[in-house]
Amino acid sequence: MKKHLALILSGFCLCLLASCDKDVVESNAGYPALDPANIDADAGSWAPMVVSSAAAFSLPAPQPTSSAAYQQELQELKELRSSLTEEQKRVINYWKVGSVVRWNEIMRELVAKHNLPPYQNPDNTYPVPSAANPFAYPTFPFSNPPYAARAYAYVSVAQYDALVMAHYFKEKYKRPAPYQVDAAIKPAVPESALAAYPSEDAVIAGASLEMMKLLFPGDVAYLTGMAEEEKNYRLWSGANVRSDIIAGDSLGRWAARMVIQRAKADGMGAAGGNQEVWARLENDCKARGETPWYSLEVPKRPPMLPLFGEVKPLLFDKAEVPALRPGPPPSANSEQMRKELEEVLSYTRNATREQMRIVNFWADGVGTYTPPGHWNAIATESFVKKQYSEVRWARNYALLNAALMDAAILCWNTKYYYYNARPCQLDPRIKTLTGVPNFPAYISGHSTFSGAAATTLGYLIPEKAGEFQKMAQEASNSRLFGGIHYRADCTVGLETGQKVGYYAIARARTDGAD
Amino acid sequence: MEKEHYSCLRRLIFFFFCFVPVLSYAQTEQDALMMGERQLCAAATISYNSWTNYWEGTFKRDNENMGRVSTRSAVLMVNYGITPKLNVLAAVPYVRTQASEGTLAGMDGVQDLSLFVKWKPWEWQGGHETISVFAVGGLATPSSRYNIDLLPMSIGLGSRVLSGRVIADVQVKQFTATLSAAYLHRSNVEIDRTAYYTDRLINSREVDMPNATNFQLRAGYRTPRLIAEAVVDNMTTLGGFDIRRNDMPFVSNRMNSTKVGVEGKYYLARHPALGFHAGAWHTLAGRNIGQATGGMAGMSYILDFTTNTIKD
């Protein structure tokens, strides 16, 4: 008996030892320090997306490196470098991966944090988050997919435009980096041949902070802290002197304000609609002889951003939207719809574990960074291997996110134009493997986002074009497998997204970066 | 001999008292009795529990998009006596979930296989009293990579659980009290997504699963043919995070519960190897779980290999 016991006890001890390591290693933990293969010194001539031109802002000329003021800044840098704390070293190691990618991660985090539909009032109505009072429940914003798509786009565009301007001034003033002026300064980041004034990191900090204050007003304290950290990191790492930082910060903020001007007039403010709009959408659908969508939530929740389809796109004119909008879905009473309903029912009743994996992988529902965020994450994993400069990181995210925002606009425009029912509304036997989104079915948002993203990314990283298309197809299928979309929603959604992607490619071909 | 019969049934019942599939650690064996050498107890039990209210963090609410969430299960279990002081136990549950309202699909499947080794190192017998101490080591492991990312419809949490339990049992005449305490070490799990939000965004498929403790107090009446007991059970997750307002539940939530229950067992006079058991329980307090009420019923049979050997 003692033998048994000894064996059993030693077995348990081994198992315990083997399973004690519970540290989760994140996919972004091993990203290398930014060290561009090509510094894109000519990026000052690239076409910005919202800002009219770099020359629209007057950035004062820097003090020459021989000046007493600059020499004093160098001295400050040396002192900072000589007494770095562990915390300062951590900050350096965090930001040296690249400012654009870090802000993209911050964006994804905030979107996931705020992507929660408000809980109902006692009278079964729903409260609406208020930007004026972002801390009160429901906290502002509810970063659902359209909100998120637009947020990612504006932050990326602000960063890109600001960096194009920064490159223009770098080229104009040609101030060298501190370590080029004084060999005694050994930077904690890879050295760059790029001119240092204005600091591109400070440009990104200024642009991101200013833009995100508008989008996530309840997180200003956190965002300000991150922006401060980022600017300090350039000093602590010996990569920029203080005047590089100050100039970059002001330039970044200015560019963001240009984007904010556009954002405030793009139609988002009215996108939520009102009782009258919701009734009209339903009545218009009935007038066409169709079965209108209704909310499957209890209590019934007003449709998500029914007028988001009227928001001003980034890559094409708003007047083009009706022509880009796909034709109607199969009629609710048609033979085709009956077949499609049967198909959905069959997938949900016979779901394999692999299909559930696909549904979960692409769910991107409540509490996540949404499908646009998922495509940013996918893009990031590819971008990080390409040794981009900051400005190219920003440009590629801006193209991707402009495509995702316009995909959201076109998709929402289509959804509310046809206002058709979800499969489980027409056939209550259908039980879903993921949450049913609170807006009409046709066309699938996931499919539209994925078609746009895969097409754009396929142009930016041609060797992975096939892989991206395969992922988009899988994302599209996931909604059919999950029981929340018909095949037509998915197929037409993918095609419509691809069309948006071609606009992004057309822009990429002519923006001066390729 | 009679005693072993109760042991087997008690195990089953305890198993079910702790068996809430959504929180399931497939843990068992909080009782104070052992099978004799070369005796095998085989048992089958069915159970049902359901809830309409749940705790979103500490906020108690209902959800008309799910209505009543119910879990049905069927468990096969065996317990073998290596020696009177050393037993092994194994169980395999089949679980099915369902929501009465809304659109979410129910899930079903074989959940976690569990194996326990139970050792009685110390026993003291007085005139009318018996005091004994037990140590139980357990391992529960998912039978497959079932879908853990659709809580509350998922059939389990998908974590491997190593547990260590200490039990103290006192019997005075027909009255018994059993106190047990366990520590559950839970392995990390992998979800199908590449990122998830807890109190921050984590860019990984892997989820850090908090460990847990379980305390249980049982007291009641025990005769050779009938057992009646009341139970208080507490499960506390050491870490994890709260479900945010109107968010979905997640595998690494801080899931706590305090439950009370009653159970009864009866053994046939003519066939002492055959027993029946039933129980009911209710959740008094909780965090990030449903306020479930449940019941179970089952039967068991004891095979005595000692007798067979002698015959051979």
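Within every chain, numbering begins at 1; the chains are lettered A, B, ... in the order of the sequence lines, protein sequences first and strands thereafter. Because only heavy atoms are used, hydrogens play no part in the values below, and waters and symmetry mates are left out as well, while side chains stay in.
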Donor-acceptor pair, side chain of B/D208 and main chain of A/V24, under 3.5 angstrom: no
Residue among A/T348, A/L296, A/T434, A/I430 with most heavy-atom pairs under 4.5 Å to chain B: A/T434
Stepwise side-chain contact (heavy atoms from CB on, under 4.5 Å) check, A/F361 with B/R193: CA-CA 4 Å; A/F361 181 83; B/R193 295 184 271 153; 5.6 Å; no
Atom pair CG (A/N28) and OG (B/S204), whose distance is rounded to the nearest 0.5 Å: 9.5 Å
Polar side-chain atom of A/K431 near backbone of B/A99 as donor-acceptor pair, under 3.5 Å: no
N-O pairing of A/R357 and B/D149 below 4.0 Å: no
Heavy-atom donor-acceptor pair, B/N246 side chain to A/P118 backbone, under 3.5 Å: yes
Check against side-chain contact (heavy atoms from CB on, under 4.5 Å), A/L116 and B/R244: CA-CA 8 Å; A/L116 293 171; B/R244 294 177 295 162; 3.6 Å; yes
Validation row: B/N211, A/K22 side chains within 4.5 angstrom (heavy atoms): yes
For the student: nearest non-hydrogen atoms of A/V366 and B/M248, plus distance: CG1-N, 4.3 Å
Stepwise ring-ring contact (aromatic ring centres under 6.0 Å, His included) test for B/Y196 and A/Y369: CA-CA 8 Å; B/Y196 55 94; A/Y369 46 42; over 10 Å; no
Electrostatic pair B/E64-A/K300, nearest N-O below 4.0 angstrom: no
CD on A/Q355 to CG on B/N147, rounded to 0.5 Å: 12.0 Å
Contact class of B/Y146 relative to chain A, heavy atoms under 4.5 angstrom: backbone
Donor-acceptor under 3.5 Å (B/T103 side chain, A/T432 main chain): no
Contact check, side chains of B/T194 and A/H374, non-hydrogen atoms, under 4.5 Å: yes
Chain A contact via B/L104 - which portion, at a heavy-atom distance below 4.5 Å: both
B/R200 vs A/K113 side-chain heavy atoms within contact, under 4.5 Å: no
Heavy atoms of other groups near B/R254 CZ, more than 12 under 6.0 Å: yes
Nearest heavy atoms of A/L433 and B/L150, plus distance in Å: O-CD1, 3.3 Å
Region of B/P121 that comes under 4.5 Å of a non-hydrogen atom in chain A: neither
Option in A/E26, A/E297, A/Q120 with maximal non-hydrogen atom pairs under 4.5 Å from chain B: A/E26
Neighbourhood of chain B inside residues 102-112 of chain A, taking heavy atoms under 4.5 Å as contact: A/R108, A/E109, A/A112
Contacting moiety of A/R429, where chain B heavy atoms sit under 4.5 Å: neither
4.5 Å side-chain heavy-atom contact, B/E206 and A/V25: no
Pairwise distance CD1(B/I148) to CE(A/M356) - rounded to 0.5 angstrom: 13.0 Å
